[in-house]
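Structure record follows, encoded as structure tokens.
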Amino acid sequence: MLIEVQVPRLEDRKSLRRTCRLLGEAFKPHVLAEITLNIHGNNLDPGISLLQALVHEQEALKTGSVVISGLFKHIRTLYIDSLSPAYCPESDADFEGKRSALRYTYEVENQVKSWVKAEPPSQEVCIAERKLHSLLKPALESLSCLTAIHWRWHRRDSQWSLNTIIECLGSDELRWNITEFTFGYYPSNDMDGPIPIPNLPKLHVFSITGVLYKGNLGQLVQHPMISNNPGLTTLCLSKDHRPEYYPVIPFDSRIPTTILDLRLKGLILAGVEKIVSSHLTTLDLGNSRLERSNSWGPLWDMLFFQQIHLLNLAFCHQTRSDDMGNLLRYLRSYSGLESFSLKGPWWHQGSSYDVHAVNFYDFVLPQHAESLVNLELKPEFESRWCLGVENINVVRQCKRLRSLWIKINHEGLEPDPFPELSSVGTFYKDENIPGDSSPNLVHLLLEMVSSDLHEIEKLTVEPARRPALAHDHSDMMFGAAFRLGIIRRLRASMESFASLYPSNKVFRWVRVYIAGERVKVVPRTRDSVDEIPERVEQKNLRKKIRSKYAALVLKKVSEVKKILF
């Protein structure tokens with residue numbers, strides 16, 4: 001436990017484990033506690049090799065042989081992302097080609113890589129599929145110490161893998177130990193039956209994400225693992241909004257009072273009184289909304305008057321109702337918030353958009369600065385909600401932050417390195433020519449992270465829409481191109497920061513993302529850094545000083561020679 005506290009980052013544990021045999025053994029349980037199965041056409045060997053290792057260990061135990069690694073004893077958490085050897089994500093070139101045809105801002109925000117099936121499958125794929133069929137069940141049954149599973153099943157993973165995993169999880173060897181079950185369920189369009197769920201009587205965390213509709217949602221809520229489980233403390237029901245052919249789902253069930261962590265996303269809630277209890281510590285409403293009202297004001301008032309002080313809150317403000325004041329009043333009434341995520345406001349309502357932002361940074365954020373570990377601010381439009389010189393010092397006070405997701409106004413960023421890809425150059429407020437009056441906010445952000453936020457592990461920056469493009473017809477014409485252009489300018493700003501400050505280690509210690517995409521910025525080599533004008537000038541100055549000093553030394557030496565000889 002002491003090792004986990006002192007070295008929380010998995011990457012650091014892996015690095016220390018490679019230093020010597022003693023540390024290798026000490027960190028072994030902590031490095032191997034979480035494993036991932038992500039088998040697809042571009043990533044066959046790691047997952048198949050892991051399954052083989054688990055099966056070989058069990059065979060060795062049955063024959064009485066010595067098991068050296070004991071891999072199965074260390075695994076506590078299993079992530080299953082993909083079991084599709086015949087499929088692979090589309091190429092970067094194809095992905096970028098699709099981007100060029102997008103028109104709306106939301107299309108860029110929601111775009112994800114599609115999966116492509118190899119036709120005909122290669123010999124390596126056929127071998128991997130045969131091994132997967134023979135190894136998956138015995139490998140899963142060997143995980144006798146497994147306590148948590150995070151599983152995403154898609155129809156490309158085959159019905160066979162779904163049935164196999166459900167059977168294994170429901171076996172006596174596993175079901176009595178598993179306390180956390182997180183399941184992403186994405187079947188084909190015509191699969192409208194109940195969601196398959198294993199019987200896990202000791203469950204504390206239950207999460208279902210993906211294709212939900214009224215029938216299977218009711219079945220989930222009435223499941224004994226929810227309705228009759230005194231140990232259940234975390235409940236997540238999340239409808240994926242991407243399959244638009246599925247209707248909006250009403251939710252009219254009372255949440256058990258044992259629930260401390262409640263996450264309801266993509267649902268229509270009948271009323272706030274059924275989801276609020278005095279024991280609640282975490283509330284994530286995602287993009288859910290109320291059935292009979294456009295205002296969340298009654299929810300914030302209920303939390304305020306009942307003095308329910310949430311530790312974690314996530315909310316999407318997507319209505320025209322001006323109830324942001326109720327939310328800010330509630331957040332000002334206490335301190336101790338550890339995680340806060342706000343998406344929106346979606347509707348630009350003139351000056352009130354900035355007024356609420358100023359109140360948040362001036363009065364709310366300082367109230368929770370000492371306790372916040374995760375902060376996500378995702379306004380729809382460029383505004384005072386975004387990071388700026390007016391509020392950066394308030395964010396700087398959040399010393400305990402481990403994750404920060406924030407949007408940035410585009411003025412002052414590096415110019416678009418590929419302006420020919422965009423037809424919206426004139427829609428940049430700074431006309432793609434940063435002026436002296438607007439500092440580069442990416443540089444200020446990275447400097448702040450490096451100097452003040454020493455515990456941060458993940459940083460995400462993202463562009464916001466310009467208010468001038470708020471209307472549908474203008475967003476349809478320029479929204480996607482504007483967002484993609486700002487993404488290029490954000491990346492260029494990060495690259496320029498790495499070049500100007502090559503000794504800064506922020507990119508080495510912090511995982512940096514732009515709009516959800518990992519950024520790996522490598523500072524320029526010494527030769528390329530020397531080409532920066534400021535560096536060239538300094539280098540020439542040092543040469544002049546050395547030459548002048550050398551001339552003085554030679555002059556003194558000649559004078560000494562004359563005296564001696």
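Residues take their numbers from the sequence shown, with the count starting at 1. Because the structure is predicted, anything quoted here is derived from the model rather than measured.
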Derivation of the side-chain hydrogen bond (donor to acceptor under 3.5 Å, both in side chains) call for Glu376 and Ser341: CA-CA 4 Å; Glu376 298 180 356; Ser341 176; 2.8 Å; yes
Is there a donor-acceptor pair closer than 3.5 Å between any side-chain N or O of [X] and the backbone N or O of [Y]?
{"X": "Arg76", "Y": "Lys73", "value": "yes"}
{"X": "Asn391", "Y": "Leu387", "value": "no"}
{"X": "Arg384", "Y": "Asp354", "value": "no"}
{"X": "Glu107", "Y": "Tyr104", "value": "yes"}
{"X": "Asn229", "Y": "Gly231", "value": "yes"}
{"X": "Ser451", "Y": "Glu447", "value": "yes"}
{"X": "Ser383", "Y": "Phe381", "value": "yes"}
{"X": "Ser288", "Y": "Leu264", "value": "yes"}

Stepwise, does the side-chain contact (heavy atoms from CB on, under 4.5 Å) test hold for Ile39 with Ser84? CA-CA 6 Å; Ile39 301 174; Ser84 310; over 6 Å; no
Does the pair [X]/[Y] count as a salt bridge with the N-to-O cut at 4.0 Å?
{"X": "Lys343", "Y": "Glu380", "result": "no"}
{"X": "Asp452", "Y": "Arg396", "result": "yes"}
{"X": "Arg263", "Y": "Asp284", "result": "yes"}
{"X": "Glu109", "Y": "Arg483", "result": "yes"}

Under the ring pair (Phe, Tyr, Trp, His ring centres under 6.0 Å) criterion, do His410 and Phe482 qualify, and how do the steps go? CA-CA 10 Å; His410 73 274; Phe482 180 83; 5.6 Å; yes
Side chains of Glu173 and Glu141, heavy atoms from C-beta outward: is any pair under 4.5 Å?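 When only atoms from C-beta onward are counted, Glu141 and Glu173 do not touch, as no gap falls below 4.5 Å.
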Look at the rings of Tyr330 and Trp300 and say which category their plane angle falls in: under 30° parallel, 30 to 60° tilted, over 60° perpendicular.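 Parallel, since the angle between the ring planes stays under 30°.
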Any idea how Phe315 and Trp296 line up, ring-wise: parallel (<30°), tilted (30 to 60°), or perpendicular (>60°)?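 If you compare the ring of Phe315 with that of Trp296, the planes turn out perpendicular.
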Glu167 and Asn163: side-chain hydrogen bond (donor to acceptor under 3.5 Å, both in side chains), yes or no, with the steps? CA-CA 6 Å; Glu167 179 185 352; Asn163 297 337; over 6 Å; no
Looking at Trp385, is Lys407 sitting on its ring face, NZ or CZ under 6.0 Å from the six-membered ring centre and within 45 degrees of the normal?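 No, a cation-pi geometry is absent between Lys407 and Trp385.
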Determine, for Phe183 and Arg152, whether the Lys NZ or Arg CZ falls below 6.0 Å from the six-membered ring centre while staying within 45 degrees of the axis.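 No, Arg152 and Phe183 do not form such a contact.
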Option passing side-chain contact (heavy atoms from CB on, under 4.5 Å) with Leu299 (candidates Asp323, Asn326, Leu290, Leu285):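 Running side-chain contact (heavy atoms from CB on, under 4.5 Å) over Asp323, Asn326, Leu290, Leu285 with Leu299 returns exactly one hit, Leu285.
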Apply the side-chain contact (heavy atoms from CB on, under 4.5 Å) test between Arg402 and each candidate in Leu375, Val373, Leu372; give the one that qualifies.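 Single side-chain contact (heavy atoms from CB on, under 4.5 Å) partner of Arg402 among Leu375, Val373, Leu372: Val373.
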Can you tell me how far [atom2] of [Y] sits from [atom1] of [X], rounded to the nearest 0.5 angstrom?
{"X": "Asp81", "Y": "Leu37", "atom1": "CG", "atom2": "CG", "value": "8.5 Å"}
{"X": "Leu459", "Y": "Leu445", "atom1": "CG", "atom2": "CG", "value": "5.0 Å"}
{"X": "Ile392", "Y": "Ile406", "atom1": "CD1", "atom2": "CD1", "value": "8.5 Å"}
{"X": "Asp157", "Y": "Arg155", "atom1": "CG", "atom2": "CZ", "value": "11.0 Å"}
{"X": "Glu462", "Y": "Cys386", "atom1": "CD", "atom2": "SG", "value": "9.5 Å"}

Going by side chain to side chain donor-acceptor pair (under 3.5 Å), Asn312 matches just one of Asp261, Thr281, Thr282, Asn374. Which one?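 Testing Asn312 for a side chain to side chain donor-acceptor pair (under 3.5 Å) against Asp261, Thr281, Thr282, Asn374 leaves exactly one candidate, Thr282.
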Under a plain distance cut-off of 3.5 Å, with no hydrogens placed, do Asn393 and Gln397 share a side-chain donor-acceptor pair?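 Result is no, nothing qualifies.
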Could you give me the CA-CA distance, side-chain angles and deciding distance for Glu338 and His368, then say whether side-chain hydrogen bond (donor to acceptor under 3.5 Å, both in side chains) is met? CA-CA 8 Å; Glu338 296 179 0; His368 304 277; over 6 Å; no
Could you walk me through whether Trp151 and Thr182 satisfy the side-chain hydrogen bond (donor to acceptor under 3.5 Å, both in side chains) test, starting with their C-alpha distance in whole Å, then the side-chain angles of each, then the deciding distance to 0.1 Å, before giving a yes or no? CA-CA 6 Å; Trp151 173 27; Thr182 300; over 6 Å; no
